[in-house]
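In what follows, every chain begins at residue 1, and chains take the letters A, B, ... in the order their sequences are listed.
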2 protein chains.
Amino acid sequence: MGTTQLDSVPEPKYWHLKTVLTEALDSEFSVGEILPNERDLAARFGVARATLRQALEQLELEGRLQRRRGVGTTVAPPRVGVAVGTEQHAWPGAEGDAWQPVDCALQTPPAAVAAALETGADEPVHTVHRSRVSHGQRVATELLYIPAASVPGLTAIDAPSGTARTRAVLRELQHLALEGQDRAVELGSARADDAKELDRLPGAPVLVVTTRFFAQGRTAALSVATYRADTCRLTFGDSPGVEIHHDPERRAS
Amino acid sequence: MGTTQLDSVPEPKYWHLKTVLTEALDSEFSVGEILPNERDLAARFGVARATLRQALEQLELEGRLQRRRGVGTTVAPPRVGVAVGTEQHAWPGAEGDAWQPVDCALQTPPAAVAAALETGADEPVHTVHRSRVSHGQRVATELLYIPAASVPGLTAIDAPSGTARTRAVLRELQHLALEGQDRAVELGSARADDAKELDRLPGAPVLVVTTRFFAQGRTAALSVATYRADTCRLTFGDSPGVEIHHDPERRAS
DNA sequence: AAGTGGTCTAGACCACCAG
DNA sequence: TGGTGGTCTAGACCACTTT
């Protein structure tokens, strides 16, 4: 039994590459700096371009890099903290809301949304589209579903659509007594329209925040917000949030 | 001008593939069912295996598929809702805590953690390792950093390590008055050790939940929890959480 | 027009799991 | 041992941005 037997577990090349690049980013590069192009980098490391790309993809996922077609790969700034938990117990559109209305339409929602709202499958609901800007960058897009029953005072001919209509719907919403809310966060990939708004390619990783608003003993509104996962850190306290991460080492025991 | 000019934007093959597969999953497959292998699927759709894999990767990211080397690709069950917001204002290890202690050691934390705890860069802190099981599955792993100053009553010789030591540290923690806490969620990729615990490959997408616990006017403990992004939906309300998603259609304006 | 990242191919070999 | 998904290669072409 004199065999060492610990040289097994050959680390994948792209994984090792990622480690090397991470260390290089930490020590030799500054935010905004452009990296050599993929073909050069691959040649420098002696791997195929696809292998290098596998490493770059992960680094982009972790928010360390930013890649733009036709331009190049740059070192990303640290993720921005985006507060999603401070507006606790306030309706969307209330004072100090971080969202900007884009437009509004009356249409039949996806089946899953209709189920959560307990409306009929084909019953149209007010669908408000909003976007959120933070640190000068578009970080999220939202679809807010509001059943007609939640805004009974809305006059039908105020404005058919557009931001004026949006504001009218949100104004009416404030009249209800908000009884509570409910949030969930999960990983998703951007659909084509979301991607365009967020200046990403379709399929880009996003954090989907689903919020249910309760009033009158039922779900009075439902928000589905899509945040860029590469650039955002969602914070739930009232403070700006910690900036932990990029750990070099690890536990022992 | 009579030109149609709307046939541009050639959709990538893998994107179209993903759409087709999604629809097939919704209509023709049930949870747990195994798909044909990648080589067969690629041939059936007339694409290279790498292209098919690009589509499968996204579907796995979205929690629709589960792939295991040596086994095959199966239809994943809906994501499980994991409550991370109900233990508001309670120390880790308090009654009803969802986490199971694994072990514990006194060691110097990563630089970023030391900074958040305001301890010296080389000062060792109690590092508690815990794991979380939900619906019979390991869904998360956690490292909990507790400066010695937060557990002054801890006798040094109770137990050097192991779960006994872990329990002693957490017990001492309960004696402090918790003044508040702070949470952040971001996307990350699993390190080798986390991946092993979560039964995933290194680099798998994870949701990293960072929690700061405040007491005595400072950060008395810091938790970094790593959740499987493919199988988990983090819920922040007190209800089990909505199950929205898999939208077929979309707004009009 | 030149240069970048994004997509795609047709192969090869490896690590893992089951029979 | 045979079948699966995971890694890797060396090319090609495309879409996009900048010059």
Sugar-phosphate, base or nothing in reach of L56(B), heavy atoms under 4.0 Å: nothing
Nearest-angstrom distance from the residue atom NE2 of H16(A) to P of dT7(D): 16 Å
Reading 5' to 3' through nucleotides 10-19 of chain C, protein heavy-atom contacts under 4.0 Å coded B for base, S for sugar-phosphate only, - for none: --BB-BBS--
V75(B) backbone acceptor or donor facing R64(B) side chain under 3.5 Å: no
P12(A) side chain, from C-beta outward: closest of dG5(D), dC8(D), dG5(C): dC8(D)
N/O (side chain, T73(B)) to phosphate O (OP1/OP2, dG5(D)) under 4.0 Å: yes
Side-chain N or O of T51(A) closer than 4.0 Å to phosphate OP1/OP2 of dT7(D): no
Rounded interatomic separation in angstrom, taking CD from Q58(A) and C1' from dG6(D): 13 Å
Under 3.5 Å, which donor-acceptor pairs link side chains of residues 50-57 of chain B to any protein atom two or more places apart or in another chain?
| unit_1 | atom_1 | unit_2 | atom_2 | d |
| --- | --- | --- | --- | --- |
| R53(B) | NH1 | E38(B) | OE1 | 3.2 |
| R53(B) | NH1 | E38(B) | OE2 | 3.1 |

Any residue meeting salt bridge (Lys or Arg N to Asp or Glu O under 4.0 Å) with R200(A), in chain and number order, not counting sequence neighbours: E60(A), D230(A)
Nucleotide nearest K13(B) when distance is taken to its side chain, options dT9(C), dG6(C), dG6(D): dT9(C)
salt_bridge(R130(B), D103(B)) N-O dist < 4.0 Å: no
Closest nucleotide among dC8(D), dG6(D), dT7(C) to the Q54(B) side chain: dT7(C)
Nucleotide dT9(D), atom P - distance to CZ of F45(A) in whole Å: 13 Å
N or O in side chain of N37(B) less than 4.0 angstrom from dG3(D) OP1/OP2: no
Residues forming a side chain to side chain donor-acceptor pair (under 3.5 Å) with E33(A), sequence neighbours excluded: S30(A)
Whole-Å distance separating the CZ atom of R200(A) from the C1' atom of dG5(C): 12 Å
Between dT7(C) (C1') and E11(B) (CD): distance, integer Å: 13 Å
N or O in side chain of R68(B) less than 4.0 angstrom from dT4(D) OP1/OP2: no
Y14(A) side chain near dT7(D) phosphate (N/O to OP1/OP2, under 4.0 Å): yes
Length of the CZ-P vector between R53(A) and dT9(C), whole Å: 15 Å
Whole angstrom value for the distance that separates C1' of dC8(C) from CH2 of W15(B): 17 Å
Sequence-distant partners of S223(A), side chain to side chain donor-acceptor pair (under 3.5 Å), two or more places apart: E142(A)
Residues which pass salt bridge (Lys or Arg N to Asp or Glu O under 4.0 Å) with R68(A), listed by chain and number, not counting sequence neighbours: none
Gap between atoms CG and C1', on L52(A) and dT7(D) respectively (whole Å): 15 Å
